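Chain identifiers are assigned alphabetically (A, B, ...) following the order of the sequence lines, protein sequences preceding nucleic acid strands; residue numbering begins at 1 within each chain. These numbers were taken from a predicted model, which means no experiment stands behind them.
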Number of protein chains: 2
Amino acid sequence: MTSAAPDLLAPAADRTAPPRVALTTGDPAGIGPELLVRLLHEIATAPTVPDADAGSPAADRPAHAVTVFTTPAELDRAFAQAGDAVDRAAIESAAGITIVDTGLDLSGVPVAEASEAGGRWALDHLELALAAHERGEVDALVFAPLNKSSLHLAGMTEKDEMRWFENRLEAVGPVTELNAMAGLWTSRVTSHVAHRDAPDLVTASSVLSATRLLHDALVGTGVAAPRLAVCALNPHAGENGSFGREEIDEIAPGVALAREEGIDATGPFPADTLFLRARDGQFDGVVTMYHDQGQIAMKMIGFEGGVTIEGGLPLPVCTPAHGTAFDRVGTGTAALASTRNAYELARSLAVAARG
Amino acid sequence: MTSAAPDLLAPAADRTAPPRVALTTGDPAGIGPELLVRLLHEIATAPTVPDADAGSPAADRPAHAVTVFTTPAELDRAFAQAGDAVDRAAIESAAGITIVDTGLDLSGVPVAEASEAGGRWALDHLELALAAHERGEVDALVFAPLNKSSLHLAGMTEKDEMRWFENRLEAVGPVTELNAMAGLWTSRVTSHVAHRDAPDLVTASSVLSATRLLHDALVGTGVAAPRLAVCALNPHAGENGSFGREEIDEIAPGVALAREEGIDATGPFPADTLFLRARDGQFDGVVTMYHDQGQIAMKMIGFEGGVTIEGGLPLPVCTPAHGTAFDRVGTGTAALASTRNAYELARSLAVAARG
């Protein structure tokens, strides 16, 4: 179903309605557009999504309520890149899919490379999706991969998209990236900061925030009492203060504060062995102290299906954990799993946010 | 073959003789003693060790030349713990195995727990093995797992065994721990230091040293031109100095110095994706900037068979990468792979050191 303007979107009818998810293609030069139409194909052709526990739609209305912010020109590109496996007519006639023509001009946007025009396109479409949220028309946002170079060429002053969302949405509490894949979630106390700057940012308060965000996100996906483990910062957890005192002075107190709130958090544990226990299912989530601590482990566990969640924003915002993969555009080799999982996760979180 | 005193050991007859390897049980309370007798069983019952490229012994002399520093009482314990699969008579009569009775008293050493007596035993036996090396009687050392608590209870003032070896042997160049498992090696620029202290220790010179040690060790195991990758310190390799300048100011210059020496080193690369490439066989070794950077990845790849090498000492010193596993003593569940690999690696490095 195609709509001329966002303000024609229907409000959610009731608490059993499917969550309304805004979709954008991310960087238009990457694999985002083709992944998005492949996701739309699944939505259009499957009456319900397997394992989705989001909502319980009545039999006479669609199981999905997605709004795609794009243009006919971008869809032309995307369908051409996605190939024959995607049924455009089914997508454009599906009752649960609303396609909003944003009216922006794609002609100057190159394919398979970073560009100012591509970054501008990505930001403008995110902006339109967030405006729809602010009008009460969508409950969650899923965007396909962005390209940081494009965003910075387009004038984004923030270090990364997480900070862009934080500023754009005027988030009041702590915002952090969460990562989820194959039953294991991580949150980060620090992220895109220098190795030498991380220790001073590890405080009882920041540990508590990252633990609480991870807890709330997991509860939002239906894990009633998430088992969380908190990483140490230093090797061997500092060996009782022999090399580093953050475990004693900040991390353990932060864990204690989380436990006082009823969160099942334990630690700090030495990071190198903790991820083995987490991978083996002993924990639902791991709170990491710095970017590479979690990313090394999560990438070793496997890229397939990973989702990044911008945690702490006023709406659920999810994106596939992989990048724009310029070298794969139109080759039919991009895996849909992360995009599908990002969409399902956004739906679950939106349902949970209904309270 | 049992010998009363170390000075009866035969010198290596020629360059084709098997390398002479000293063996100690490490912490006598852990799984070390039983692993050691299981290794001796393999040596005693296999005429040659599969895949060993160390030496080319003539048909009429043994393929191995190991000297075990222990006591009859410790062997009694070890054989009891190892169970029926180990043939004590075969070991004690094997031509390639010399058992040196150190005459020390085991009676006060507990089993399956850390103790001052256990730490003292471990250090005294390492001391005897090193003395044999200094008399020219052994070419390499393999010790079964140590327990840091026992060592510190016994009065070891150094932070870890690597520093103990460094002081004891008065090493003149840089000493660093290397880790090897399943075809992938790592070295560390920093190790048991606080997270906040690591960046100042990452210098062009220390990067060069860790790269050179890794190169030399791999050459020593028969890799003619090791392909080495060097990790970044900061997330995303600092994104061109956006968060951290060590990549620009120290690591890249260190890599350049290594290349000037003819070492095939590249980097720095963001650590989170680098280990995927390394695991997939694109590199023979990875130079890491801090302890957990390598250890998270290596432990995700798998404990099985991992070896730690104390690099930069005047003789090859290898040990299994796992610990004393007090909870497994005598249960028959300890895996021999790491001990076997440590022994084979020490042999290869000793042969390579002949030049």
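- When the candidates A:Gln295, A:His291, A:His192, A:Arg245 are compared by the number of heavy-atom contacts under 4.5 Å with chain B, A:His192 comes out ahead.
- Each salt bridge (charged side-chain N to carboxylate O under 4.0 Å, His left out) pair with one or both residues in residues 190-199 of chain A, not counting sequence neighbours, appears once here: A:Arg196-B:Asp200, A:Arg196-B:Glu246.
- With rounding to the nearest 0.5 angstrom, the CG atom of A:Asp292 is 11.5 Å from the CG atom of B:Asp292.
- Of residues 146-163 of chain A, those residues lying under 4.5 Å from chain B by any heavy-atom pair are A:Lys148, A:Lys159.
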Between B:Tyr290 and A:Asn234, does a side chain to side chain contact (heavy atoms under 4.5 Å, CB included) hold up when you go through it step by step? CA-CA 10 Å; B:Tyr290 55 93; A:Asn234 296 297; over 6 Å; no
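- No other option in B:Ala194, B:Ser242, B:Gly238 has as many heavy-atom pairs under 4.5 Å with chain A as B:Ala194.
- With a threshold of 4.5 angstrom between heavy atoms, A:Gln293 approaches chain B through its backbone and through its side chain.
- In this structure, A:Phe243 has its ring center no closer than 6.0 Å to that of B:His195.
- Minimum heavy-atom separation, B:Pro235 to A:Ser191: CG-O, 3.6 Å.
- Judged as a side chain to side chain contact (heavy atoms under 4.5 Å, CB included), and not counting sequence neighbours, the contacts of B:Leu257 are B:Ala204, B:Leu208, B:Glu260.
- Listed by first and then second residue, the salt bridge (charged side-chain N to carboxylate O under 4.0 Å, His left out) pairs involving residues 267-281 of chain B are A:Lys299-B:Asp272 (not counting sequence neighbours).
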